Amino acid sequence: MSQNTLHADYPWTNPDAPFVVAAPMMKITLGRLAVTVSANGGLGFLAGGFDLSPLAKDLAEAADLAKSQGLQLHDGILPIGVGFQNWGSDLQLALTAIKEHPVAAAWFFAPKQLSDLVDWAKEIRAVSGGKTKIWIQIGTVAEALEVAKTSQPDVLVVQGADSGGHGLAQRASLLTLLPEVIDVLAEEGFNIPVVAAGGIVDGRGAAAALTLGAAGVALGTRFLACDEAVIAKGYQNQVLNVTDGGASTVGTTIYDVVRGIHGWPRAYNGRGVANSTYHDAEQGMSEAENVQKYKEAMQQGDAGWGPEGRMTTYAGTGVGLVRQVMSAGDIVRSVQKEAIQTLQKSAAKHVK
Ligand SMILES: Cc1cc2nc3c(=O)[nH]c(=O)nc-3n(C[C@H](O)[C@H](O)[C@H](O)COP(=O)(O)O)c2cc1C
């Protein structure tokens with residue numbers, strides 16, 4: 001399947017520009033953000049997270065929003081995707097929601113074991129009559145190959161080590177991971193388009209990923225700074241202020257601990273800005289005391305964020321490139337435009 005086929009499967013996307021996706025971000029990427037991205041030539045994923053009890057209601061709201069923005073159903077399908085954190089998600093709730101509001105794509109991430117995704121893929125394809133495409137986000141070459149063989153995804157999302165939020169603790173950056181995944185899939189006879197995620201914040205990063213062979217790019221951290229994100233001001237301000245993400249962010253499980261989130265598979269951690277929660281844990285503070293201090297920080301509202309604060313600022317290493325809050329539609333268009341310009345400039349400079 002070529003990049004054009006990706007556009008063909010999601011016909012509202014701009015065929016004359018790179019394929020830009022808003023990755024699902026739990027509690028942050030809901031209907032408004034997903035719908036706005038799709039209404040502006042990209043593909044937005046509403047985050048289902050791991051508690052799917054509000055999903056049917058969230059999709060109903062997204063359907064109303066899509067209607068109000070003039071975003072047409074395509075073949076009876078709502079032109080957005082839904083992202084699942086499979087380790088804690090209930091398949092029956094997912095099926096009920098998708099049956100009521102069929103979506104263009106279902107994005108799987110972080111199952112307890114990869115084999116769990118076989119049933120998810122089969123059942124969602126069955127309930128949607130094959131109209132809901134299956135996307136699977138993976139972090140290693142071995143994972144890519146295994147899910148290609150077992151779940152036959154329509155799209156593979158390759159998540160490199162720079163990504164914000166959760167990801168495999170041990171994995172490579174896109175620069176090496178993406179071409180190796182593409183090579184191995186081709187060698188094994190798979191023809192699955194690959195979308196790159198992790199550290200792509202602007203058109204330059206998008207151009208780099210496309211040059212490495214990606215059929216499209218998925219951005220998370222960049223969309224933390226958009227008008228349509230459901231995000232506290234204190235969190236969003238940190239995304240704008242923090243620089244030098246390789247030094248200022250860390251992959252850790254302590255932010256799940258203080259937030260009372262249990263059940264992530266052991267191979268995962270979450271990348272966020274290092275703050276007092278993290279530094280105190282490193283210095284040996286007990287989990288109980290850290291949780292208590294986190295609860296106190298929650299009372300401070302927007303002042304609870306920041307490198308000296310305790311509230312979690314999940315973000316990728318690209319956080320230093322995020323400088324201003326924009327509308328989600330402008331982000332899609334600016335990434336597309338800059339990617340094209342970057343590719344043209346680069347070719348003019350380097351290709352005789
Ligand atoms: C705040 C935040 C929350 C996230 N939540 C989810 C999620 O619920 N499901 C998921 O599949 N990925 C989640 N991710 C990871 C994204 O799917 C994606 O891999 C990542 O954002 C790409 O890297 P970037 O942040 O550098 O753009 C999250 C990322 C962030 C930054």
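What you are looking at is a predicted structure, and each value in this text was computed from that prediction instead of being measured. Remember, it's 1-based here, ligands and their atoms both numbered in the order they're listed.
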* Structure fact -> min-distance protein heavy atom vs atom 26 (O) of ligand 1 -> Gly199 N, 2.8 Å
* **Nearest neighbour in protein (non-hydrogen) for atom 25 (O) of ligand 1** => Thr221 OG1, 2.6 Å
* Nearest neighbour of atom 23 (O) of ligand 1 from the list Ala315, Ser163, Ala229, Ala196, on a heavy-atom basis -> Ser163
* Would you please name every residue forming a ring-ring contact (aromatic ring centres under 6.0 Å, His included) with Trp135, sequence neighbours left out? => Tyr10, Phe45
* Structure fact -> Between Val201 and the options Thr317, Val335, Ile331, Val322, the side chain to side chain contact (heavy atoms under 4.5 Å, CB included) test singles out Val322
* Between Phe84 and Trp120, is the ring centre distance below 6.0 Å? -> yes
* Asked: Are Arg171 and Ser163 close enough, and set up right, to give a side chain to side chain donor-acceptor pair (under 3.5 Å), and what steps lead you there?
  -> CA-CA 11 Å; Arg171 73 207 141 112; Ser163 61; 3.0 Å; yes
* Identify, for atom 29 (C) of ligand 1, the protein heavy atom at the shortest distance, and state residue, atom and that distance. => Gly164 O, 3.1 Å
* Of His7, His74, Gln72, which meets side chain to side chain contact (heavy atoms under 4.5 Å, CB included) against Trp12? -> His74
* **CA sep, side-chain torsions, deciding dist, call: Gln236, Lys233, side chain to side chain donor-acceptor pair (under 3.5 Å)** => CA-CA 5 Å; Gln236 199 172 55; Lys233 263 280 154 249; 2.7 Å; yes
* With a 4.0 Å cut-off on heavy atoms, is Gly83 touching ligand 1? -> no
* Asked: To which protein heavy atom is atom 11 (O) of ligand 1 closest, and what is the distance rounded to 0.1 Å?
  -> Trp107 NE1, 2.9 Å
* For atom 21 (O) of ligand 1, which protein heavy atom lies nearest, and how many Å away is it? -> Gly220 CA, 3.3 Å
* **Residues that His279 engages under ring-ring contact (aromatic ring centres under 6.0 Å, His included), provided they are two or more places apart** => none
* To the nearest 0.1 Å, how far is atom 8 (O) of ligand 1 from its closest protein heavy atom, and which atom is that? -> Gln85 NE2, 2.8 Å
* Does Gly49 come within less than 4.0 Å of ligand 1, judged by its heavy atoms? -> no
* May I ask whether Tyr235 has any heavy atom positioned less than 4.0 angstrom from an atom of ligand 1? => yes
* For atom 3 (C) of ligand 1, the option (of Met25, Gln137, Arg271, His166) bearing the nearest heavy atom -> Met25
* Asked: What part of Phe50 sits under 4.0 Å from ligand 1 if we count only heavy atoms: the side chain, the backbone, both or neither?
  -> neither
* Among all protein heavy atoms, pick out the one at the shortest distance from atom 22 (C) of ligand 1; state its residue, atom name and that distance to 0.1 Å. => Gly198 N, 3.5 Å
* Test of proximity, Met26 against ligand 1: N or O pairs below 3.5 Å -> yes
* Considering heavy atoms of the protein only, find what lies nearest to atom 14 (N) of ligand 1 and give residue, atom and distance to 0.1 Å. => Pro24 O, 3.6 Å
